[in-house]
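Data first, discussion second: the structure below is written as structure tokens.
Start at 1 and go down the list; that is how both ligands and their atoms are numbered. Keep in mind it's a predicted model, so treat the numbers as computed, not measured.
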Amino acid sequence: MSKDLLQSYIKPSANSFIRMIDATINVLYKEKRTGRIIGGKISGGFANLHIPENLVIVGDIHGDLKSFCQILQDIDFERFLANPNNKIIFLGDYIDRGSNSIGILYIVCYLKNNYPNSVILMRGNHEAPVEFPFSSHDLPFKIAEDYGKELGNLIYNDKILTLFRLLILATLIQNQLFLVHGGVPIKDRSVATNFRRLIASAYENHIYDNTMQEILWNDPRQIQNSHNWEYSRRGIGKHFGMNISRKWLRMTGTKVIVRGHEPCQGFKIDHNGMVVTLFSCREPYPNFTAAYISLSYHQLQSVKDGIDLAFFITKI
Ligand SMILES: [Mn+2]
């Protein structure tokens with residue numbers, strides 16, 4: 001990506017920012033209405049994909065434009081995304097903490113608009129609905145700073161919150177990967193036969209059902225108690241143990257749960273290789289490392305656990 005191009009993304013004018021978000025909202029509405037994406041299906045908040053020709057996964061970005069552009073450059077994104085059988089999947093947490101949330105939002109919208117079949121935008125806890133308050137959500141203030149209070153309110157409340165509602169909550173890549181931002185929900189009764197429906201409608205049900213909240217906030221831990229979960233120290237969401245990971249892998253017929261949500265040295269492996277955490281920013285977390293996953297159809301097909309998958313992680 002050229003420097004000039006990059007500069008123009010850093011501070012889009014209010015008009016071009018609004019136009020870009022509106023266009024993305026339309027693309028996402030259409031995707032949900034038709035259920036169609038090349039190489040898979042979309043059903044509400046659930047994306048079901050065949051193994052793509054090439055796959056890139058990006059974890060938490062948190063407004064870190066430098067790491068983000070490095071990843072796009074590394075994968076030669078224009079060539080990569082021009083093939084609709086390739087997929088780049090973002091695990092969410094595009095915004096907050098770093099210095100360039102607006103620029104990142106603008107670029108990910110640009111990518112979804114221009115390459116709708118090659119890009120999956122998932123929802124992180126920083127893209128949560130207003131019913132889930134949490135600290136360090138600085139985007140609304142940054143927007144008011146850049147565009148003024150009145151216009152800023154309109155951009156955030158009418159445009160950005162609508163965009164967030166349309167993001168994907170979980171992506172299944174057939175036989176291989178199950179992707180979420182935070183973790184798998186702890187619930188187990190009657191989930192087995194209809195986990196697709198549970199996730200597809202998790203946003204619509206989020207006021208009285210915890211599925212969405214847990215997908216966005218949960219973390220994998222070693223749990224000693226018999227239910228294999230405990231409340232999270234984050235104050236929202238839960239810690240899930242190895243048995244719950246095993247259950248979800250069996251239910252979804254996949255081999256690894258891939259998630260973001262926790263800073264680490266690029267990646268970490270939990271639950272004996274059943275869970276891989278990927279982290280893709282550095283600016284707001286200078287003591288940690290940014291990384292991304294990149295692999296081909298045949299490479300992904302050969303992955304049997306998180307230890308195999310880690311072989312395809314590049315630190316930047
Ligand atoms: Mn997160």
The Mn ion (ligand 1) to nearest N/O/S of Asp93 below 2.8 Å: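 Asp93 does place an N, O or S atom closer than 2.8 Å to the Mn ion (ligand 1).
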
Output yes if His261 passes the N/O/S-under-2.8 Å test against the Mn ion (ligand 1); output no otherwise.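 So His261 does bind the Mn ion (ligand 1) by this criterion.
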
Provide the atom name of the closest N, O or S atom of His181 relative to the Mn ion (ligand 1).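 Output for this pair reads NE2.
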
Partner of Thr277 by side-chain hydrogen bond (donor to acceptor under 3.5 Å, both in side chains), out of Arg259, Glu262, His261: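 The passing option is Arg259.
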
Could you tell me whether the side chains of Arg282 and Ser67 share a donor-acceptor contact shorter than 3.5 Å?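 No.
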
The single option from Arg36, Lys41, Lys112 passing salt bridge (Lys or Arg N to Asp or Glu O under 4.0 Å) against Glu31: Lys112

Taking all non-hydrogen atoms of both residues into account, name the closest pair between Ser245 and His271 and its distance. OG-ND1, 2.7 Å

